[in-house]
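Since the structure comes first, as structure tokens, the remarks are kept for the end.
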Amino acid sequence: MRKVLLVRYGEVFLKGANRPHFLKILTDNVKRAVKPMGGHVWMSDSHIYVSDVEDMDECVRRVRKVFGLYSVSPAIECEKDLDEIAQHCVEMMKPYSGTFKVFGKRSDKKFPMNSLEFAAELGGRILDANPNLTVDIHKPQHKLHVEVRDKCYICCEEIMAVGGLPMGTGGRAALLLSGGIDSPVAGYNLMKRGVRCCAIHFQSPPYTGELARDKVMQLAKELAEYSGGMRVYLVPFTKCQLEIHEKCPEGLGTLITRRFMMRIAQEIARQYEAQALITGESLGQVASQTMEALCCTDAVVDMPVFRPLIGMDKTEIMEIARNIGTYETSILPYEDCCTVFTPRHPVTRPKLDTMPKAESKLDVEALVREAVENTQMEIVY
Ligand code: ATP
Ligand code: MG
């Protein structure tokens with residue numbers, strides 16, 4: 001007998017001719033997730049299995065974060081011997097009370113009982129051993145799955161995984177990662193669809209400090225748990241911000257700052273061979289996120305800009321942030337470079353054709369080049 005983790009996959013089922021390709025990537029991603037634990041991963045009969053891990057809870061925690069999976073179940077693998085199987089079933093159902101049903105499946109037709117007889121026999125033995133359980137075949141509270149194949153697999157608990165598509169099957173994008181609540185959620189959304197992301201963070205020392213930087217690195221780490229690592233590009237942004245503050249109309253300061261972020265991000269994205277940018281903007285959230293402002297921001301880049309939170313309320317975004325585990329870090333109170341020179345009266349309906357004049361005193365190209373050249377990259381796991 002040994003403990004294994006039974007892993008079910010989700011939408012990959014739909015992939016037709018591409019399925020073997022998706023499954024290979026998915027299995028590799030599960031392998032990478034359990035590698036630090038020394039786990040052994042294999043595929044059989046449309047499931048993935050993990051064995052040889054000491055700490056099953058930690059294994060569950062890691063594997064359920066692999067995109068493309070539907071659910072996981074800690075299971076027992078044992079020999080195809082009825083008494084042994086029954087003994088494990090009884091043991092597994094010991095902590096439970098209420099109603100249950102045994103789902104027997106006999107894929108090995110040489111096994112001497114058919115699926116129904118098998119389930120009934122096991123159900124009977126469990127009832128004899130646990131007086132707190134009764135059978136309900138229509139709406140059981142607990143479902144015990146027992147499948148006889150090359151070996152016998154027994155499981156009761158099913159823990160939902162994060163869904164989505166395998167990381168690496170959806171291309172590459174660059175996420176503009178601030179220290180706020182929104183951008184980690186935006187990145188998560190595209191990562192969930194298989195997009196490998198790097199993070200780009202703008203910092204403005206001495207106006208933004210070490211703690212703000214640490215916070216962003218922590219957020220990147222939390223996202224990297226879903227992708228098995230992430231590159232973080234740290235862009236020195238002070239000079240751009242000071243020049244914008246000095247030489248541009250005050251009411252357009254934030255918008256022009258955002259246009260610089262996009263220009264710089266696009267250059268870095270190209271180095272990373274990304275095909276798109278991602279931001280955490282949501283329509284109308286602040287002055288720089290009105291329709292007019294977003295059009296002015298988009299106008300400086302050729303790449304598509306994905307804004308997966310565009311139609312979401314803050315409360316909805318916060319709920320996702322809590323679920324994915326970034327919320328607590330995001331609410332730590334360190335300043336972001338965006339808040340450094342916030343105009344008192346930002347223009348909410350900027351006109352695109354006024355932008356060139358508003359930026360005319362800046363050497364846009366040189367500022368962008370300098371920021372890109374001095375960008376540093378770190379990898380987080
Ligand atoms: P919140 O609104 O919760 O502060 P936010 O991350 O959305 O979080 P905004 O100031 O609304 O912050 O910025 C809009 C978007 O611009 C962010 O979602 C992010 O993609 C990008 N952004 C803002 N500041 C930075 C920064 N310092 N580095 C990288 N990207 C940033
Ligand atoms: Mg912010």
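Ligands are counted one by one from 1 in listed order, and the atoms in each one are counted from 1 as well. Residue numbers run from 1 in the order of the sequence given.
For the residue pair R307 / S282, no side-chain donor-acceptor distance below 3.5 Å is found, with atom types taken as modelled. No hydrogens or angles considered: a donor-acceptor pair under 3.5 Å links the side chains of Q241 and S204.
Looking at I181 next to ligand 1, an N or O pair under 3.5 Å apart turns up. The shortest N/O to N/O separation between I278 and ligand 1 does not fall below 3.5 Å.
Judged by a 6.0 Å distance limit and a 45° cone about the ring axis, R172 is positioned over the six-membered ring of Y272.
Contacts of K314 with ligand 1, taken as heavy-atom pairs under 4.0 Å, involve the side chain alone. Using a 4.0 Å cut-off between heavy atoms, I200 contacts ligand 1 through its backbone alone, with no side-chain atom that close. Counting heavy atoms closer than 4.0 Å to ligand 1, residue L175 contributes nothing at all.
Counting atoms of ligand 1 from 1 in the listed order, those under 4.0 Å from a heavy atom of T279 are 20 (O). When each atom of ligand 1 is checked for a heavy atom of Q289 under 4.0 Å away, the hits are 9 (P), 11 (O), 13 (O), 14 (C). Each of the atoms 7 (O), 17 (C), 18 (O), 20 (O) of ligand 1 lies under 4.0 Å from some heavy atom of G280.
Among all heavy-atom pairs drawn from S183 and L175, the shortest one is O-CD1, 3.5 Å.
F341 and Y207 have their aromatic ring centers within a separation under 6.0 angstrom. Close placement of the Y188 and F67 rings is indicated, their centers lying within 6.0 Å of each other.
Summarising the contacts of atom 16 (O) of ligand 1 with M261, R258, E281, the nearest heavy atom is found in R258.
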Legend entry - Residue pair E91, Q87: steps toward the side chain to side chain donor-acceptor pair (under 3.5 Å) verdict: CA-CA 6 Å; E91 194 61 32; Q87 195 191 335; over 6 Å; no

